[in-house]
Colleague: 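Sharing a structure, written as structure tokens. Questions coming.
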Amino acid sequence: MRIVVKVGTSTLAHRTGLLNIRRVEKLCRVLSDLKNAGHEMILVSSGAIGMGVGKLSLGARPADMPTKQAAAAVGQCELMYTYDKLFSEYRHNVAQILLTGSDVEQPERRRNFHNTLTRLLELGALPIINENDTVATEEINIGDNDTLSAIVAANIGADLLVLLSDIDGLYDADPHTHPEAKIIPEVHGVTPEILALAGGSGSGLGTGGMVTKLHAAQIAAAAGTDMVIANGEEPEVLYAIVDGVPVGTRFTAEVK
Ligand code: GLU
């Protein structure tokens, strides 16, 4: 299978913005193992800004654009250094791809991206993708990696997109106010009723929430890609998801 896994800042970093070493080590081990099993793996990783905040001791996610972009520049290095080091232990080569909105909107650039990604997979590399936060200002940015990961999955014709986050899946009511709320195991079609279930969320360091995840589900479903939202606390959960075991919420593709 061709699988895109997206990890959010809340999965990769502690609340301090510093790396959650145990979590990231487990994630790299599982992704390496799935790759060894023959799957083509693509990682969409957030965490550049969050990790820059930690490294620069900024205390909180900056509100102004230049500081956010500076934090991303520092944090992206830290991210790739960590991934390169950990994946190297399992003999996998990582490749960094940083995109902006215009790279996925303009047909020629989108084609270039597709060709490079395809060749990287042929070469056995593990592409690691993030938004190019250092140059992506508000006018040209994609804005969140849930959407970015769905665009990537659609572009490369992925079989499966997994969003690993700090939530267990899509609930049938807001779990903060309704303790009896239950996870919806499978969604066929992101209807207005489903969209109405998305409340705001967020960890303080990342940008995603249920709204962006449902937007991603729409893009993925239309492109023929199944999408799963699951908790990334234990990255081993990926094994079950790839095997089709019900975990979190699965959004089934409209066409295959
Ligand atoms: N590109 C941002 C980062 O690496 C994350 C965007 C998101 O959390 O969706 O910090």
Side-chain angles (χ1 to χ4, degrees), residues 4-20 23-24 27-28 42-84 94-104 113 127-154 161-167 198-220 227 229-233:
V4 178
V5 176
K6 180 259 173 181
V7 279
T9 305
S10 58
T11 300
L12 296 170
H14 292 289
R15 286 192 171 275
T16 55
L18 297 176
L19 192 71
N20 186 328
R23 181 86 48 73
V24 175
L27 175 73
C28 293
I42 297 163
L43 179 60
V44 174
S45 178
S46 302
I49 299 175
M51 244 158 255
V53 168
K55 239 189 153 184
L56 294 167
S57 307
L58 298 179
R61 191 181 161 94
D64 68 295
M65 193 50 96
T67 317
K68 231 188 268 181
Q69 297 193 310
V74 172
Q76 183 65 29
C77 288
E78 170 89 347
L79 261 186
M80 287 312 294
Y81 167 75
T82 306
Y83 284 132
D84 196 10
V94 297
Q96 171 181 265
I97 303 180
L98 297 177
L99 297 170
T100 61
S102 37
D103 296 323
V104 295
F113 163 59
I128 301 181
I129 303 173
N130 195 359
E131 183 148 21
N132 195 352
D133 296 309
T134 300
V135 299
T137 52
E138 246 140 56
E139 306 81 63
I140 61 156
N141 73 358
I142 300 164
D144 69 88
N145 277 1
D146 295 327
T147 306
L148 173 64
S149 64
I151 292 172
V152 168
L161 166 63
V162 184
L163 305 185
L164 292 180
S165 173
D166 56 355
I167 41 157
S201 112
S203 64
L205 284 171
T207 39
M210 197 44 83
V211 177
T212 57
K213 287 177 179 52
L214 294 184
H215 182 219
Q218 287 174 314
I219 298 171
M227 187 188 105
I229 300 176
N231 200 315
E233 210 171 38

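Both counts, for ligands and for their atoms, begin at 1 and track the order of listing. By convention here, the first residue in the shown sequence is residue 1.
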Colleague: Could you establish whether G47 and ligand 1 come within less than 4.0 Å of each other, counting only heavy atoms on the residue side?
Modeller: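 Yes, G47 has heavy atoms under 4.0 Å from ligand 1.
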Colleague: Considering non-hydrogen atoms only, spot the tightest contact between I229 and M227 and give its length.
Modeller: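 Result for this residue pair: CG1-CE, 3.7 Å.
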Colleague: Please list every donor-acceptor pair under 3.5 Å in which a side-chain atom of residues 45-54 meets a protein atom from a residue at least two apart or in another chain.
Modeller:
residue	atom	partner	partner atom	Å
S45	OG	Y83	OH	2.8
S46	OG	N145	ND2	2.8

Colleague: Can you find an N or O of N130 that's nearer than 3.5 Å to an N or O of ligand 1?
Modeller: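 Between N130 and ligand 1 (N or O atoms, distance only) the closest approach is under 3.5 Å.
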Colleague: Does this structure show an ion pair linking D133 with K68, if we count only N-O contacts that are shorter than 4.0 Å?
Modeller: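 Salt bridge absent between D133 and K68.
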Colleague: Just let me know how N145 lines up against ligand 1, side chain, backbone, both or neither, with a heavy-atom cut-off below 4.0 Å.
Modeller: both
Colleague: When you look for heavy atoms under 4.0 Å from ligand 1, do you find them on the side chain of I49, its backbone, both, or neither?
Modeller: both
Colleague: Does some side-chain heavy atom of N130 sit less than 4.5 Å from a side-chain heavy atom of V44?
Modeller: no
Colleague: Which heavy atom of P127 sits nearest to which heavy atom of I97, and what is that distance?
Modeller: CB-CD1, 4.3 Å
Colleague: Does an N or O from E131, backbone or side chain, lie closer than 3.5 Å to an N or O of ligand 1?
Modeller: no
Colleague: Mark up the atoms of ligand 1 that fall under 4.0 Å of a heavy atom belonging to D144, in ascending order.
Modeller: 9 (O)
